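These notes concern the structure reproduced below.
Throughout, a chain's letter reflects where its sequence line sits, starting with A, and its residues are numbered from 1. Heavy-atom basis, side chains included; hydrogens, waters and symmetry copies ignored. None of the values given here were measured: they were computed from a predicted structure.
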Protein chains: 2
Amino acid sequence: MSVSQNIKDPIREEILRGATELFERYGFKKTTMEDIARQIGKSKSALYYYYKTKEEIFEAVVLQEIDKQRMEASAAMKKVETAPEKFRILFTSLLAGVKEKANKFSLFRAEVYENPFLLNNTMKLRDSYVEEQLRDILILGISRQEVKMMNSSEIGLWAKMVNLTMRSLGSKLFLEDDWNISKEQLAFLADTLFQGVAR
Amino acid sequence: MSVSQNIKDPIREEILRGATELFERYGFKKTTMEDIARQIGKSKSALYYYYKTKEEIFEAVVLQEIDKQRMEASAAMKKVETAPEKFRILFTSLLAGVKEKANKFSLFRAEVYENPFLLNNTMKLRDSYVEEQLRDILILGISRQEVKMMNSSEIGLWAKMVNLTMRSLGSKLFLEDDWNISKEQLAFLADTLFQGVAR
DNA sequence: TTTAGACTATTTGTATGAATTAGTCGAAAA
DNA sequence: TTTTCGACTAATTCATACAAATAGTCTAAA
């Protein structure tokens, strides 16, 4: 299920399309509400009819991107059977995806650097989603006897800590351009991490 | 061997003592060179005789703190025999230490938030040290048959990735006060991580 | 070799007014 | 009723100029 609120509305979609394009090109601050309105040929109040604040539009844009990532990861995970494989894919595709977004929205990375709160809400949502996925993978692994027996609090702790790890790695990958980690290296880390709970 | 340059000089030590106290209380920016000079009852040029810039003093202060941490970690590691235990201690004590420093130098955390480059150089030094320690632990583990056979490039990769993980976790722990991870949780993560290379 | 104290050049802070811009509102169009 | 417009406001940001603070230098002396 998608996290973002009903974007079904074609006008909401239009707003997000326009906003995404402008944010990509000019960043968050330099894109004014009037810019966005002009971009889609409407007036400012139309925007405010659909979104309460500029931040809300921004968050919707980010959520859309996160959703995309998530769908990609899910699709790739469906193609494999085992828990360790699923984990590796989740780990590498989410982290590699972060790097990608960092390049795509390069301007805007500097802004996040200065105002980390911009991503606070969306990242929290993302976190709880990832943690859930991690738990699911672990449970699947246990049922497939690929993972050692763990009680639910151990499962929860593992998911929490791995999520924390992913999140902190992700934020470094996003913010520091000199962190060049290949997908292979990420996969190695993922495998090592998962080996720790393997049977 | 200590990373910091010869602090043997009693006056250098005095400067660092004074600077540390002031940085702790007022942060980096609000502490002027004259403040430091006054604190130790000397004039500004005395400071510049021993250190080229204010940043250099700052880095020396940070290096001192890092050295302390390192010594503590080393001492604690000596008390145990096995590689997994050593790893757990290194992992938890360095990361818990980061949290401690964050509280001690609380003002200054905000400054690092805005000028991450302040810590760039020192963190690089720290990185290479930690990576080395990680390799050593792994090699010890292999010789003790606690760790599976790995060739040197695998060892290097493992050390690199674990170091990356520690670094990114550390920076989050340092910067975000709402990240409260207990030492037990850190230990759990350390153990999981190490299990991944265990025999 | 080390220190003091005056000196400079640069950075930082502040005050103020102008310009932008996020967000509101009432009326009109669809 | 739902959606849009354009004028409006209040708050924030920006530009400028001026004042203060401060990092770093230099010369002479201890």
> For the atom pair OH (B/Tyr50) and CG (B/Leu16), what is the distance rounded to the nearest 0.5 Å?
Replying inline: 12.0 Å

>> If we check ring pair (Phe, Tyr, Trp, His ring centres under 6.0 Å) with B/Phe28, which of these qualifies: B/Phe117, B/Tyr113, B/Phe58?
In response: B/Phe58

> Is there side-chain contact between A/Leu164 and B/Trp179, with heavy atoms separated by less than 4.5 Å?
Replying inline: yes

>> Evaluate B/Gln39 against B/Leu22 for side chain to side chain contact (heavy atoms under 4.5 Å, CB included), listing each step before the verdict.
In response: CA-CA 8 Å; B/Gln39 176 82 2; B/Leu22 293 175; 3.8 Å; yes

> Under 3.5 Å, is there a donor-acceptor pair between the side chain of B/Glu154 and the main chain of B/Asn151?
Replying inline: yes

> Checking only heavy atoms, does the side chain of B/Ser45 share a donor-acceptor pair with the base of D/dG24 at less than 3.5 Å?
Replying inline: no

> Any ion pair linking B/Glu65 and B/Lys68 (charged N to carboxylate O, less than 4.0 Å)?
Replying inline: yes

> Atom CG of A/Leu47 to atom P of D/dC5: distance rounded to whole Å?
Replying inline: 10 Å

>> Nearest whole Å is fine: how far is C/dT2 P from B/Glu14 CD?
In response: 14 Å

> Hey, does the side-chain of B/Thr53 have a donor or acceptor N/O within less than 3.5 Å of a partner on the base of D/dG24?
Replying inline: no

>> Taking the minimum atom-to-atom distance to the side chain of A/Lys44, which one of D/dG24, C/dA22, C/dT3 wins?
In response: C/dA22

> Which pair of heavy atoms, one from B/Met77 and one from B/Lys86, lies closest together, and at what distance?
Replying inline: O-NZ, 3.0 Å

>> Using whole Å, what does the distance between atom C1' of nucleotide D/dT4 and atom CD1 of A/Ile40 come to?
In response: 11 Å

> B/Tyr50 side chain N/O closer than 4.0 Å to the phosphate oxygens (OP1, OP2) of C/dT1?
Replying inline: no

> Rounded to the nearest 0.5 Å, what separation is found between the OG1 atom of B/Thr92 and the CD atom of B/Glu184?
Replying inline: 9.5 Å

>> Roughly what angle, to 10°, lies between the helix axis at the start of the helix from C/dT1-D/dA30 to C/dA30-D/dT1 and the one at its end, five pairs per end?
In response: 50°

> Just to confirm, is there a sub-4.0 Å distance from OP1 or OP2 of D/dG24 to any side-chain nitrogen or oxygen of B/Tyr48?
Replying inline: yes

> Nearest to the side chain of A/Glu55, which nucleotide is it out of C/dG23, D/dG24, D/dT3?
Replying inline: C/dG23

>> Let's see if you can work this out: which of D/dG24, C/dG23, D/dT4 has an atom nearest to the side-chain heavy atoms of A/Lys54?
In response: C/dG23

> How many Å lie between NZ on A/Lys42 and P on D/dC5, as a whole number?
Replying inline: 6 Å

> Between A/Glu34 and A/Gly41, which is nearer to the 5' end of DNA chain D once each is assigned its nearest nucleotide?
Replying inline: A/Gly41

>> Please report the distance, rounded to the nearest Å, between CG in A/Asp35 and P in C/dT21.
In response: 7 Å

> With respect to the side chain of A/Met33, which nucleotide from D/dT3, C/dA22, D/dC5 is positioned closest?
Replying inline: C/dA22

> Taking side chain as C-beta onward, heavy atoms only, is B/Met150 less than 4.5 Å from B/Leu157?
Replying inline: no

>> Donor-acceptor pair, distance only, cut-off 3.5 Å: does the side chain of A/Asp35 make one with the backbone of A/Thr32?
In response: yes

> Residues from residues 112-123 of chain B sitting under 4.0 Å of DNA chain C, heavy atoms only?
Replying inline: none

>> Assuming nearest nucleotide by heavy-atom distance, tell me which of A/Lys30 and A/Lys52 is located more 5' along DNA chain C.
In response: A/Lys30

> Counting side-chain heavy atoms from CB outward, which of C/dA4, D/dT2, C/dG13 is closest to A/Tyr49?
Replying inline: D/dT2

> What is the nucleic acid contact for B/Thr32, judged by heavy atoms within less than 4.0 Å: base, sugar-phosphate only, or nothing?
Replying inline: sugar-phosphate

